[in-house]
Undergrad: 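Okay, here's the structure, questions in a sec.
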Amino acid sequence: MEEKIKSLEKAFEEDCQKAATPKEFEFLRIKYLGRSSRLSQFFSQLPNLIPQERGIWGKRLNCLKQKMTALLANEARGPLKDEENFDLTFPSSPFQLGSRHILTTVNQKICSIFENLGFAVAEGGEIEDEWHNFTALNIPLEHPSRDVFDTFYLDIKEKNNGKYLLRSHTSPSQTRIMKIGKPPLAVISPGRVYRPDEVDATHSFMFHQIEGFAVGEDLNFAHLKGVLLHFAHKFFTPEITLRFRPHFFPFTEPSAEVDISCFVCRRKKEKGASRDTLHASRKCSVCKGKGWLEVLGCGMIHPQVLDNCEIDSKKYKGFAFGMGVERIAMLKYGIGDIRLFYENDVRFLEQFSI
Ligand code: DAH
């Protein structure tokens with residue numbers, strides 16, 4: 001049996017070498033794979049064999065058949081230069097294109113708005129030490145964010161700067177850059193941050209932040225407001241107004257939390273709402289009638305932070321801000337659950353593919 005198969009294989013190879021045109025190959029296809037081919041005769045003999053042999057020879061014949069089919073299919077298409085057989089309009093086999101993740105797109109959009117204002121982009125490291133993540137930022141030892149329940153500590157000590165940890169915010173980028181850079185500085189720093197939070201619809205143990213800051217001789221709060229208003233107009237819509245609410249951050253003084261006016265209901269009251277209704281439509285699915293959406297924290301860099309980083313706080317002033325990328329993306333696209341970003345469900349992701 002093996003000899004017969006081998007001689008068939010040899011004859012096939014010789015015939016293939018002689019054939020040149022697609023027509024000749026089509027002829028060979030009928031000769032070697034057609035109903036009355038030798039191969040099909042071999043197949044028809046299989047049922048006469050004992051079961052153990054049937055399997056072995058069946059496999060052997062199938063292999064040969066696959067080899068012949070593949071070779072003839074290739075050749076029957078003809079060489080590419082043969083214009084007669086090359087159909088440019090023939091649809092290609094379907095394939096799926098990948099696209100950017102929604103968080104990457106939002107991150108890039110935000111960064112490019114600040115880049116257009118002259119900010120440089122600098123990414124910090126995800127492993128930080130206590131000095132850069134807390135101490136230099138004026139965060140005292142007893143501050144709750146330093147607790148092991150709020151920060152992932154690594155069991156390794158930096159030589160002089162306390163324990164290593166997974167950075168809990170992107171603000172240490174400020175301290176890293178200020179220590180090596182000379183004012184004037186204007187930097188935007190995106191990246192991942194980590195906190196041991198229970199995962200739910202609005203919390204994750206890992207998320208993304210963008211830190212921004214500028215240091216110069218005569219910077220003041222008005223510059224900060226101008227930069228953030230420009231960002232809000234470019235990223236959301238030019239109709240947006242900002243609200244600065246006084247707040248406390250150890251690394252800025254004064255500090256504020258910033259809200260944008262709701263870009264969905266535009267703070268319009270429902271028809272017939274009483275005069276006492278201060279805010280927007282209670283039916284608004286985004287602001288739920290508050291009229292404002294919290295987007296970031298900011299302030300003037302605390303003089304102590306400048307001094308910690310060897311920048312003369314008597315000569316220089318700075319402003320800083322930090323925002324969560326997931327939060328901004330959720331607001332902009334009406335996404336209700338942070339976990340959707342990380343589950344890699346294509347049905348969710350492809351809604352944002354560009
Ligand atoms: N680091 C803060 C946080 O993670 C965010 C922040 C607030 C950054 C105020 C700043 C700032 O630069 O000025 O919650």
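Here the structure is a predicted model, which is why all the values come from computation and not from measurement. Both counts, for ligands and for their atoms, begin at 1 and track the order of listing.
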Undergrad: Check each atom of ligand 1 against the heavy atoms of S171 and keep those under 4.0 Å away; list them by number with element.
TA: 1 (N), 8 (C)
Undergrad: Go through ligand 1 atom by atom and flag the ones less than 4.0 Å from a non-hydrogen atom of Q209.
TA: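 Counting from 1, the qualifying ligand atoms are 3 (C), 4 (O).
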Undergrad: Among all protein heavy atoms in this structure, tell me which lies nearest to atom 14 (O) of ligand 1, with the distance rounded to 0.1 Å.
TA: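 Scanning the protein heavy atoms, the shortest distance from atom 14 (O) of ligand 1 goes to R195 NH2, 3.9 Å.
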Undergrad: For G299, take its heavy atoms, then give the atoms of ligand 1 lying under 4.0 Å from any of them.
TA: 13 (O)
Undergrad: Suppose I only count heavy atoms of G297 and a 4.0 Å limit; which atoms of ligand 1 are within that range?
TA: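 Ligand 1 atoms under the 4.0 Å threshold to G297: 7 (C), 9 (C), 11 (C).
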Undergrad: Going by the side chain to side chain contact (heavy atoms under 4.5 Å, CB included) test, name the single residue among L224, V187, L219 that passes it with F213.
TA: V187
Undergrad: Distance under 4.0 Å to a non-hydrogen atom of A320: what atoms of ligand 1 satisfy this?
TA: 12 (O), 13 (O)
Undergrad: Any chance the side chains of E198 and H203 put a donor and an acceptor closer than 3.5 Å?
TA: no
Undergrad: Show the atoms of ligand 1 that are less than 4.0 angstrom away from any heavy atom in Q174.
TA: 12 (O)
Undergrad: Nearest non-hydrogen atom to atom 6 (C) of ligand 1 belongs to which of F207, F251, F319, F248?
TA: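 Nearest heavy atom to atom 6 (C) of ligand 1 lies in F251.
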Undergrad: Taking only heavy atoms of T252 into account, list the atoms of ligand 1 that are under 4.0 Å away from them.
TA: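 Listed by number with element, the hits are 13 (O).
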Undergrad: Which heavy-atom pair separates P172 from T175 by the least distance, and what is that distance?
TA: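 The answer is O-OG1, 2.7 Å.
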Undergrad: For the residue pair Y342 / E326, report whether a side-chain donor-acceptor contact shorter than 3.5 Å exists.
TA: yes
Undergrad: Check the side chains of S173 and E211 for a donor-acceptor pair under 3.5 angstrom, ignoring hydrogens and angles.
TA: no
Undergrad: How close does the nearest protein non-hydrogen atom get to atom 12 (O) of ligand 1, and which residue and atom is it?
TA: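 Going by distance alone, atom 12 (O) of ligand 1 is nearest to E211 OE2, 2.6 Å.
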Undergrad: For the pair Y32 and F12, name the ring-plane relationship: parallel under 30°, tilted 30 to 60°, perpendicular over 60°.
TA: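 Taking F12 first and then Y32, their aromatic rings stand perpendicular (interplane angle over 60°).
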Undergrad: Within the 4.0 Å heavy-atom shell around H169, which atoms of ligand 1 are there?
TA: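 Contacts of ligand 1 toward H169, numbered from 1: 1 (N), 4 (O).
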Undergrad: Taking atom types as modelled, is there a side-chain donor on D155 or Y164 under 3.5 Å from an acceptor on the other?
TA: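 No, Y164 and D155 have no side-chain donor paired with an acceptor closer than 3.5 Å.
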Undergrad: Under a plain distance cut-off of 3.5 Å, with no hydrogens placed, do R245 and S255 share a side-chain donor-acceptor pair?
TA: no
Undergrad: Any nitrogen or oxygen of G212 lying under 3.5 Å from a nitrogen or oxygen in ligand 1? Just yes or no.
TA: no
